[in-house]
Asks: 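Right, I'll just put the structure down here and ask away after.
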Amino acid sequence: MSIHNSLLCGFENSHFSEVPVRRILTDLTIATMEPGGPAYGLVERGAVGVEDGTIAWVAGEGGAPSDWRGVDVEDFSGRLMTPALVDCHTHIVFGGNRAREFEMRLEGATYEEIARAGGGIVSTVAATRALSEDELVDAALPRLDRLIGEGAGTVEIKSGYGLTIEDELKMLRAARRLGELRPVRIRTSYLAAHALPPEYKGRADAYLGEVVLPGMEAATAEGLVHAVDGFCETIAFTPDEMRRVFDKARTLGLPIKLHAEQLSDLGGAKLAASFGALSADHLEYLGEDGVAAMEEAGSVAVLLPGAFYFLREKKLPPVAQLRAAGVPIALATDCNPGSSPMTSLLLAMNMGCTFFRLTPEEALAGVTRNAARALGLADEIGTIEPGKRAEFAIWDVDHPAELAYRIGDNPLHRRIVA
Ligand code: DI6
Ligand code: FE
């Protein structure tokens with residue numbers, strides 16, 4: 001743990017002081033990730049002024065405002081600064097693992113076959129139901145620490161392995177507890193519409209009516225839900241079933257997201273867009289109409305190269321079309337025991353480039369600016385600009401392209417979160 005603790009530094013006193021707490025971070029190459037300017041929004045030989053945990057100014061050499069004379073300055077010896085990373089799609093709270101299923105797939109079984117035979121998500125559901133909230137927290141902490149250890153300042157966590165009201169609440173409570181145990185922003189998504197639990201086999205409508213919808217109400221009443229998610233797929237829920245879930249989310253004023261077009265094109269992204277979705281995620285099988293709908297709704301396309309890799313998917317998401325339509329593209333780990341047992345956003349960036357042909361700049365935007373937007377946090381985090389939270393990752397690299405370039409390397413120097 002000591003390695004991680006050394007990375008958890010911050011501006012400890014900023015919230016408790018009457019006088020504004022100011023600090024200057026200097027001698028940095030700053031990838032602000034602000035769009036519209038130079039590549040990566042790069043500021044060479046830059047400095048950042050932080051006041052009470054908020055970015056006050058960003059400037060090139062000698063550009064510090066004159067009334068900041070005498071403020072504490074910390075020198076970073078020319079290192080690269082980026083926004084703290086954002087993992088906008090994870091399932092890090094779960095019990096057990098699925099290594100045996102990995103073996104079965106290597107012996108020829110497909111992900112869908114295993115799911116239909118009662119394995120897959122449902123086997124993780126049994127393992128998750130068997131754990132207490134405390135045990136779920138213990139199981140998830142090492143995964144969260146690995147993300148933090150690579151510079152993550154915000155991590156989204158989904159429920160979806162409980163599939164009873166109580167077990168979904170237990171997962172969400174565990175996820176929120178993680179945010180109390182570590183200096184990281186946790187966003188929780190309610191994903192009871194992830195799979196049909198065995199006790200509801202053949203009775204999807206009853207499951208929605210008896211668990212998913214009332215569970216959403218209960219979780220919202222307890223303040224545990226930032227967004228509502230679902231898995232729209234032949235092995236999960238149909239668009240009509242998802243519509244019921246989203247109608248309920250709308251009445252509760254909750255934004256929505258959707259696992260869509262991962263294994264087939266059911267029109268999930270289009271449905272999600274019609275509800276103004278924050279994002280549609282996976283999208284390998286997304287068609288032209290889906291791209292157009294997402295563009296119109298302003299939804300983010302969250303690509304998940306870890307699942308693409310681990311399931312040996314052959315179909316590529318329509319990156320060129322998304323790009324041409326101006327749909328913002330995010331990247332995330334999708335960390336989960338079945339389709340993406342991966343806890344590295346840097347590896348997701350590398351895979352996004354090698355598999356999906358994103359540029360390293362798009363990959364970095366995918367784990368900062370666009371990931372923030374996929375969580376509805378675009379006004380708070382994701383770029384380095386005045387008014388946003390002072391949440392940074394400082395890297396031992398010369399150029400931002402190096403972050404997506406190496407495989408399995410972690411050049412994080414320090415993570416700074418206010
Ligand atoms: N799609 C995924 O890739 C994960 N969930 C989903 O809806 C897989 C979850 C699992 O296999 O446990
Ligand atoms: Fe997922």
Side-chain angles (χ1 to χ4, degrees), residues 84-94 121 124 140 143-144 146-148 150 152-161 171-172 175 178-179 184-194 225-233 236 255-263 268-269 272 277-284 286 294 299-311 313 317 322 327-349 351-352 355-356 358 362-363 365-378 381-382:
L85 305 189
V86 178
D87 194 347
C88 68
H89 180 141
T90 87
H91 311 245
I92 61 170
V93 171
F94 61 83
I121 293 176
T124 298
R143 300 189 267 269
L144 179 64
R146 280 192 289 276
L147 296 172
I148 290 172
E150 282 191 353
T154 299
V155 174
E156 185 259 14
I157 304 174
K158 302 174 194 301
S159 66
Y161 291 121
M171 286 189 72
L172 293 168
L178 292 169
V184 67
R185 180 184 297 92
I186 300 292
R187 302 293 284 188
T188 44
S189 300
Y190 177 75
L191 178 60
H194 193 196
V225 187
H226 291 118
V228 171
D229 198 346
F231 188 17
C232 187
E233 193 52 67
I256 63 117
K257 312 166 79 64
L258 188 64
H259 289 67
E261 275 73 86
Q262 179 185 9
L263 308 167
L278 287 172
S279 71
D281 305 31
H282 284 290
L283 303 176
E284 279 84 344
L286 183 69
M294 289 183 69
S299 305
V300 176
V302 178
L303 305 184
L304 304 167
F308 175 89
Y309 162 80
F310 198 65
L311 298 182
E313 180 58 63
L322 290 167
V327 175
I329 297 173
L331 286 171
T333 62
D334 193 16
C335 177
N336 76 72
S339 70
S340 188
M342 173 165 94
T343 46
S344 171
L345 264 178
L346 292 173
L347 185 55
M349 290 169 69
M351 288 176 167
F355 288 138
F356 299 162
L358 297 182
E362 287 172 323
V367 297
T368 55
R369 185 178 71 235
N370 293 341
R373 178 162 163 180
L375 297 178
L377 294 172
I381 55 166

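None of the values given here were measured: they were computed from a predicted structure. Below, all heavy atoms of this structure are taken into account, side chains as well, without hydrogens, waters or symmetry copies.
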Asks: Nearest heavy-atom pair of Ser299 and Val327: which atoms, and what distance?
Replies: O-CG1, 3.4 Å
Asks: For the CG atom of Leu331 and the CG atom of Leu347, what is their distance to the nearest 0.5 Å?
Replies: 11.0 Å
Asks: Checking the side chain of Glu150 only, and the main-chain atoms of Ser344 only, is there a donor and an acceptor separated by less than 3.5 Å?
Replies: no
Asks: Minimum heavy-atom separation for Asp87 to Ala332, with atom names?
Replies: OD1-CB, 3.3 Å
Asks: Looking at CG of Asp229 and OG of Ser279, how far apart are the two atoms once the value is rounded to the nearest 0.5 Å?
Replies: 7.0 Å
Asks: Nearest 0.5 angstrom please: Arg143 CZ to Leu178 CG, how far?
Replies: 9.5 Å
Asks: Does His89 form a side chain to side chain contact (heavy atoms under 4.5 Å, CB included) with Lys158? I'd like the steps, not just the answer.
Replies: CA-CA 8 Å; His89 180 141; Lys158 302 174 194 301; 3.2 Å; yes
Asks: With no hydrogens and no angle check, is any side-chain donor or acceptor of Thr188 less than 3.5 Å from a backbone partner on Leu172?
Replies: no
Asks: Roughly how far, to the nearest 0.5 Å, is the CD1 atom of Ile256 from the OG atom of Ser189?
Replies: 11.0 Å
Asks: Keeping Glu261 on the side-chain end and Ala269 on the backbone end, is there a donor-acceptor pair under 3.5 Å?
Replies: yes
Asks: Contact between Val184 and Leu147 at the side-chain level, heavy atoms closer than 4.5 Å - yes or no?
Replies: no
Asks: Can you tell if the side chain of His91 reaches within under 4.5 Å of the side chain of Thr124, non-hydrogen atoms only?
Replies: no
Asks: With distance as the sole test, does Gln262 use its side chain to make a donor-acceptor pair with the main-chain N or O of Glu233 at under 3.5 Å?
Replies: no
Asks: Using the side-chain contact (heavy atoms from CB on, under 4.5 Å) definition, which of the options Val93, Thr343, Ile186 pairs with Leu144?
Replies: Ile186
Asks: Please name the pair of heavy atoms, one in Ala374 and one in Val300, separated by the smallest distance, quoted to 0.1 Å.
Replies: N-CG2, 3.8 Å
Asks: Mind telling me whether His282 and His259 have parallel, tilted or perpendicular rings, with 30° and 60° as the class edges?
Replies: tilted
Asks: To the nearest 0.5 Å, what is the distance between OG1 on Thr154 and CD1 on Ile381?
Replies: 3.5 Å
Asks: Around atom CZ of Phe355, are there more than 12 heavy atoms from other residues, nucleotides or ligands closer than 6.0 Å?
Replies: yes
Asks: Taking the side chain from Asp281 and the backbone from Leu304, do they hold a donor-acceptor pair closer than 3.5 Å?
Replies: no
Asks: Report the distance from atom CG of Asn336 to atom CE of Met342, rounding to the nearest 0.5 Å.
Replies: 10.0 Å
Asks: Heavy atoms only: give me the nearest Leu311-Gly338 pair and the separation to one decimal.
Replies: CD2-O, 4.5 Å
Asks: Under a 3.5 Å distance rule, please check whether Thr90 uses its side chain to pair with a backbone N or O of Glu156 as donor and acceptor.
Replies: yes
Asks: Using the side chain to side chain contact (heavy atoms under 4.5 Å, CB included) rule, take Leu375 and Arg185 through it: C-alpha gap first, then chi angles, then the decisive distance, then the call.
Replies: CA-CA 11 Å; Leu375 297 178; Arg185 180 184 297 92; over 6 Å; no
Asks: Please verify the inter-ring angle class for Phe231 with His194; under 30° counts as parallel, over 60° as perpendicular, anything in between as tilted.
Replies: tilted
Asks: Are any of the side-chain heavy atoms of Leu85 and Thr368 separated by less than 4.5 Å?
Replies: yes
Asks: What is the minimum heavy-atom distance between Leu258 and Gly268, and which atoms define it?
Replies: CD2-O, 3.3 Å
Asks: List the atom of Ile121, the atom of Gly160, and the distance in Å for their closest heavy-atom pair.
Replies: CG2-O, 4.3 Å
